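The structure appears below as structure tokens.
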Amino acid sequence: MVTGVTGPDPVLVECRDVHRSFGRGPTEVVALREVSCRVNRGQHVAVTGESGSGKSTLLHVMAGLEVPSSGVVTWPGLVLRGDRPGGVGVVFQAPSLLPMLDVADNVALPLLLADVPAGAARDRALAALDRLGLGGLSGAAPEELSGGQGQRVALARVLAAEPALVLADEPTGQLDRRTADSVVDVLLDTVDALGAALVVSTHDPAVADRLDEHWSMADGRLSAPVVSGAAR
């Protein structure tokens with residue numbers, strides 16, 4: 001079940017007793033088991049755990065990309081657009097860039113789909129690419145990028161939209177240490193400038209240590225406070 005309202009509430013997303021499973025009977029896979037958590041504006045959260053522990057599914061549920069099998073997800077401080085919340089940016093594990101568009105157009109596309117004028121969308125796309133050190137690749141095709149460059153372009157695409165909530169699923173998994181540190185710097189600086197919240201799933205202790213609050217997942221269960229942190 002998902003619900004959302006428009007308002008200044010500092011709580012951007014809340015999960016209450018959320019269960020998510022795939023398949024039925026002997027083939028059923030349980031990804032989330034009665035997960036309860038809350039993310040406030042300005043909060044920085046690292047979600048850690050082994051592969052298959054449910055981290056990605058949790059982020060997808062928070063983004064409205066997955067519907068819980070039971071339990072409730074609400075977005076008190078966001079606006080629902082259809083069945084999904086607006087103001088949420090998701091950085092996936094794979095860049096998911098469209099091969100027929102160049103880098104700048106890939107970054108600008110979500111803005112155009114949100115009815116941002118073409119000129120403003122391109123300006124914001126180029127500014128986001130510059131922040132990530134990719135300004136010189138704005139006209140490149142996705143196939144010309146390395147894996148790390150593609151991931152940074154995907155990050156620029158999210159940041160250009162200036163979301164209230166950024167959900168990043170292993171955003172540094174394909175990056176070397178120096179580039180990973182730079183990406184985390186940009187993530188933190190940008191969400192702070194926007195007053196946005198950031199939730200990062202990661203295997204990397206160095207990345208997790210950069211965030212204020214740590215949650216852990218194991219076998220679909222989340223170790224986190226029901227009321228997490230305070231809005232900043």
Side-chain angles (χ1 to χ4, degrees), residues 1-3 11-24 27-78 84-85 88-96 151 154-155 158 163-175 180 183-184 187-188 191 196-232:
M1 177 178 174
V2 296
T3 63
V11 180
L12 298 179
V13 59
E14 182 172 10
C15 300
R16 297 194 297 275
D17 297 323
V18 168
H19 186 92
R20 182 66 170 112
S21 60
F22 302 90
R24 294 184 179 182
T27 63
E28 181 183 24
V29 175
V30 179
L32 298 177
R33 302 175 188 270
E34 288 73 51
V35 169
S36 293
C37 60
R38 177 183 294 179
V39 179
N40 296 322
R41 293 185 189 277
Q43 195 169 357
H44 298 166
V45 179
V47 183
T48 60
E50 296 181 358
S51 294
S53 61
K55 302 189 304 299
S56 295
T57 302
L58 175 61
L59 265 61
H60 293 172
V61 166
M62 287 182 170
L65 300 176
E66 295 276 0
V67 178
S69 304
S70 63
V72 179
V73 183
T74 58
W75 295 274
L78 299 175
R84 295 181 183 176
V88 178
V90 183
V91 183
F92 297 99
Q93 291 185 27
S96 303
Q151 186 69 350
L155 176 57
V158 169
L165 173 62
V166 177
L167 304 171
D169 192 4
E170 297 284 354
T172 63
Q174 301 182 48
L175 308 180
V183 165
V184 175
L187 264 173
L188 292 172
V191 296
L198 173 64
V199 181
V200 177
S201 73
T202 182
H203 288 92
D204 189 341
V207 172
D209 287 345
R210 300 285 304 278
L211 281 79
D212 299 334
E213 188 168 349
H214 293 183
W215 299 351
S216 63
M217 293 206 71
D219 193 29
R221 300 188 186 280
L222 178 68
S223 297
V226 174
V227 178
S228 7
R232 292 181 298 167

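This is a predicted model, so every value here is computed, not measured. Residue numbers count from 1 along this sequence.
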Just so I know, are the side chains of [X] and [Y] near enough to count as touching, which here means a heavy-atom distance under 4.5 Å?
X    : Y    : answer
L167 : F92  : no
L12  : R41  : yes
P68  : H19  : no
V158 : V166 : yes
L187 : R210 : no
C37  : V35  : yes
T202 : V47  : no

Pairwise distance CG(L58) to OG(S53) - rounded to 0.5 angstrom = 9.5 Å
How far does CE of M217 sit from CG of L32, to the nearest 0.5 angstrom?
-> 5.0 Å
Donor-acceptor under 3.5 Å ([X] side chain, [Y] main chain):
X   : Y    : value
W75 : M62  : yes
R20 : V30  : no
H44 : V199 : no
S36 : D17  : yes
R33 : D219 : yes

E34 atom CD: more than 12 heavy-atom contacts under 6.0 Å = yes
Chi angles and distances behind the side-chain contact (heavy atoms from CB on, under 4.5 Å) call for H214, D209 = CA-CA 8 Å; H214 293 183; D209 287 345; 3.6 Å; yes
Taking all non-hydrogen atoms of both residues, which atom of [X] and which atom of [Y] are closest, and how far apart?
X   : Y    : answer
R16 : T74  : NH1-OG1, 3.8 Å
S69 : S21  : OG-N, 3.1 Å
V18 : V73  : CG2-CG2, 3.8 Å
A46 : L211 : N-CD2, 3.7 Å
A63 : P85  : O-CD, 3.5 Å
V61 : C15  : CG1-SG, 4.4 Å

Does a salt bridge link D169 with K55, judged by any charged N lying under 4.0 Å from a carboxylate O?
-> no
Output, in order, the C-alpha distance, side-chain angles, deciding distance and verdict of side-chain hydrogen bond (donor to acceptor under 3.5 Å, both in side chains) for S201 and E170.
-> CA-CA 5 Å; S201 73; E170 297 284 354; 4.7 Å; no
Which is it for V200 and V45 under the side-chain contact (heavy atoms from CB on, under 4.5 Å) test, yes or no, and what are the steps along the way?
-> CA-CA 6 Å; V200 177; V45 179; over 6 Å; no
